[in-house]
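Everything quoted here is computed from the prediction, not taken from an experiment. In the text below, chain A, chain B and the rest are named by the order of the sequence lines, each starting its count at 1.
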2 protein chains.
Amino acid sequence: MATAAAEPLDDGELAAFFALMEVSSNLQHAVEQQLRTDGDVSCVQFLILARLRDSPEGESRMTDLADLVVYSRSALTYQAAQMEKAGFITRSPSVNDERSTTVKITDTGRERVEKVLPGHIDVLRRLLLNPLGPQGVTTMNKTLECVRDAMRQTPPRSAAPRASNKQK
Amino acid sequence: MATAAAEPLDDGELAAFFALMEVSSNLQHAVEQQLRTDGDVSCVQFLILARLRDSPEGESRMTDLADLVVYSRSALTYQAAQMEKAGFITRSPSVNDERSTTVKITDTGRERVEKVLPGHIDVLRRLLLNPLGPQGVTTMNKTLECVRDAMRQTPPRSAAPRASNKQK
DNA sequence: TATTGTTATACTCTATAACTATA
DNA sequence: TATAGTTATAGAGTATAACAATA
């Protein structure tokens, strides 16, 4: 299954990979810490809240949220439980489909997002956007676009999301 | 401390941030899974092993490894213990400085790296380098270079690495 | 006193599988 | 039968603080 003898990566390829991982990893850490410090939310929770906040009714189904946040359903249930306990969201059975759960952001949840957002933007500017500059931002978008598209076409992890293939 | 009213991000800035996070997150996941499947090592462990393998004597001090892997010292100790148990490394007191621990990669460790490497390269090519293309690789390096440099100058997290400030 | 590393502990988060309920 | 979500469980990994030993 593996290539007979994989061509080693050249210096540029290695550098690109390492740079990407170093930058994203640092950024991730910084964002995580800012969110925790300023508003006691994790990155995942912030993503969910921000997404809910921008939804038409401040609502979303669990499944739709799970599509956004890559993780497993049980992981999302865990996060939802945490956020419900914190008063950021409510969960209630969906009206159309009794199987579904509708997640709705509360005023407390909205406030928390507002509270945390300035610092979040600040971190992004300081660590990523300012160093990039306007031109760098444009370049970055163009360069990463095809990578992202390629990733989206390939099933990210063929194991996970297929539910019908129970052929053992 | 926070900006009075943080300028919201424009679409391009948001897109750049999201693209970076999506690409790096997917890549991270894919790499993690490949390493686990092919050789039952985590990404962190692979990084450590790869670094040791490329060291002059296949050796390194714990502290030097900790500088490489961002995490805390205790986290590194944990990983080292796992890898020692798996037979990938040995730990012994350093000759120069009795406080230090010298970590050395074993033949088993080297074999494991070799075993995992082709698949690793394969993933990087498929998900990142091929979509980028030679030109994209170059562009990426140039674009991320200044970001990385800026990050390295700013203390990543001012809280962590200072040991002397016990003022409290 | 500062540095190096380990240990004990507690905590967060994740995935798997089994389960319930609805379509 | 398939889908939506929850729960129980188990595991990996991390950070904090206290610790021992060396410089």
Side-chain angles (χ1 to χ4, degrees), chain A residues 25 28-29 32-33 35-37 40-48 59-67 69-86 89-103 156-157 159-166 168, chain B residues 25 28-29 32-33 35-37 40-48 60-67 69-86 89-103 156-157 159-168:
Chain A
S25 164
Q28 176 87 37
H29 270 110
E32 197 90 41
Q33 191 204 323
L35 293 174
R36 184 60 69 187
T37 303
D40 201 38
V41 289
S42 71
C43 202
V44 183
Q45 292 171 356
F46 176 71
L47 262 182
I48 295 174
E59 290 178 353
S60 180
R61 297 186 330 152
M62 288 291 281
T63 298
D64 297 335
L65 287 178
D67 287 348
V69 186
V70 188
Y71 307 112
S72 61
R73 283 177 303 164
S74 69
L76 182 59
T77 298
Y78 169 79
Q79 293 296 346
Q82 298 304 110
M83 295 200 292
E84 192 174 43
K85 205 182 304 174
I89 61 163
T90 58
R91 280 185 290 181
S92 52
S94 184
V95 283
N96 314 326
D97 187 337
E98 289 275 331
R99 294 173 301 182
S100 299
T101 296
T102 297
V103 179
R157 294 178 295 295
R162 289 299 109 232
S164 12
N165 293 347
K166 272 284 181 65
K168 215 284 193 45
Chain B
S25 163
Q28 176 87 37
H29 271 111
E32 197 91 40
Q33 191 204 322
L35 292 174
R36 184 60 68 185
T37 304
D40 200 38
V41 289
S42 70
C43 203
V44 182
Q45 291 169 358
F46 175 72
L47 261 182
I48 294 173
S60 179
R61 298 187 328 153
M62 288 291 281
T63 298
D64 297 336
L65 287 178
D67 287 347
V69 186
V70 187
Y71 308 111
S72 61
R73 282 178 301 164
S74 69
L76 181 60
T77 298
Y78 170 78
Q79 292 297 345
Q82 299 304 110
M83 296 200 292
E84 190 174 44
K85 205 184 301 173
I89 61 163
T90 57
R91 280 186 290 181
S92 51
S94 184
V95 284
N96 313 327
D97 187 337
E98 288 275 329
R99 293 174 302 181
S100 300
T101 297
T102 297
V103 179
R157 292 178 298 294
R162 290 296 111 234
S164 12
N165 292 348
K166 272 280 181 68
Q167 44 190 211
K168 196 263 192 56

### Message
Run the side-chain contact (heavy atoms from CB on, under 4.5 Å) test against R36(A) and tell me which residues pass, sequence neighbours left out.
### Response
D40(A), S42(A)

### Query
What's the CG-C1' distance between L65(B) and dT4(C), to the nearest Å?
13 Å

#### Entry: Closest-nucleotide ordering on DNA chain D, the 5'-leading residue of V44(B) and A80(A)
A80(A)

Shorter than 3.5 Å, N or O on both sides, protein versus nucleotides 21-23 of chain D: list them out with atom names.
unit_1: dA23(D); atom_1: OP1; unit_2: E98(B); atom_2: N; d: 3.0
unit_1: dA23(D); atom_1: O4'; unit_2: R99(B); atom_2: NE; d: 3.4

#### Entry: Separation of atom CG in L76(A) from atom C1' in dT7(D), rounded to whole Å
14 Å

#### Entry: Rounded distance (Å) that lies between atom P of dA20(D) and atom CZ of R73(B)
15 Å

### Task
Show your reasoning for whether side-chain contact (heavy atoms from CB on, under 4.5 Å) applies to C43(B) and Q28(B).
CA-CA 8 Å; C43(B) 203; Q28(B) 176 87 37; 3.9 Å; yes

### Task
Taking side-chain contact (heavy atoms from CB on, under 4.5 Å) as the test, write out the residues that go with A81(A), two or more places apart.
R91(A)

#### Entry: Options dT6(C), dA4(D), dT6(D), nucleotide nearest the side-chain atoms of M62(B)
dT6(C)

### Query
Do S74(B) and dA15(D) share a donor-acceptor pair, side chain to base, under 3.5 Å?
yes

### Summary
On DNA chain D, more 5' by nearest nucleotide between S42(B) and T77(A) is T77(A)

### Query
Does the pair R61(B) and T101(B) meet the rule for a side-chain contact (heavy atoms from CB on, under 4.5 Å), with working shown?
CA-CA 6 Å; R61(B) 298 187 328 153; T101(B) 297; over 6 Å; no

### Query
Which part of the nucleic acid, if any, lies within contact of Q79(B), taking any heavy atom under 4.0 Å across all strands shown: a base, the sugar-phosphate backbone alone, or nothing?
sugar-phosphate

### Task
Check the distance between dG11(D)'s P and Y78(B)'s OH and give it to me in whole angstrom.
11 Å

### Message
Between C1' on dA15(D) and CD on Q33(A), what's the gap in Å once rounded to a whole number?
### Response
13 Å

#### Entry: Length of the CZ-P vector between R91(A) and dA4(D), whole Å
17 Å

### Under 3.5 Å side-chain donor-acceptor pair for Q45(A) and Q79(A)
yes

### Task
Check step by step if side-chain contact (heavy atoms from CB on, under 4.5 Å) holds for V44(B) and L76(B).
CA-CA 9 Å; V44(B) 182; L76(B) 181 60; over 6 Å; no

### Task
Round to a whole Å and report the spacing from NE2 of H29(B) to P of dT14(C).
9 Å

### Task
Measure from CE on M83(B) to C1' on dG13(D) and round the result to the nearest Å.
14 Å

### Task
For V103(B) and L65(B), run side-chain contact (heavy atoms from CB on, under 4.5 Å): C-alpha distance rounded to whole Å, both residues' side-chain angles, the deciding distance at 0.1 Å, then the answer.
CA-CA 9 Å; V103(B) 179; L65(B) 287 178; 4.2 Å; yes

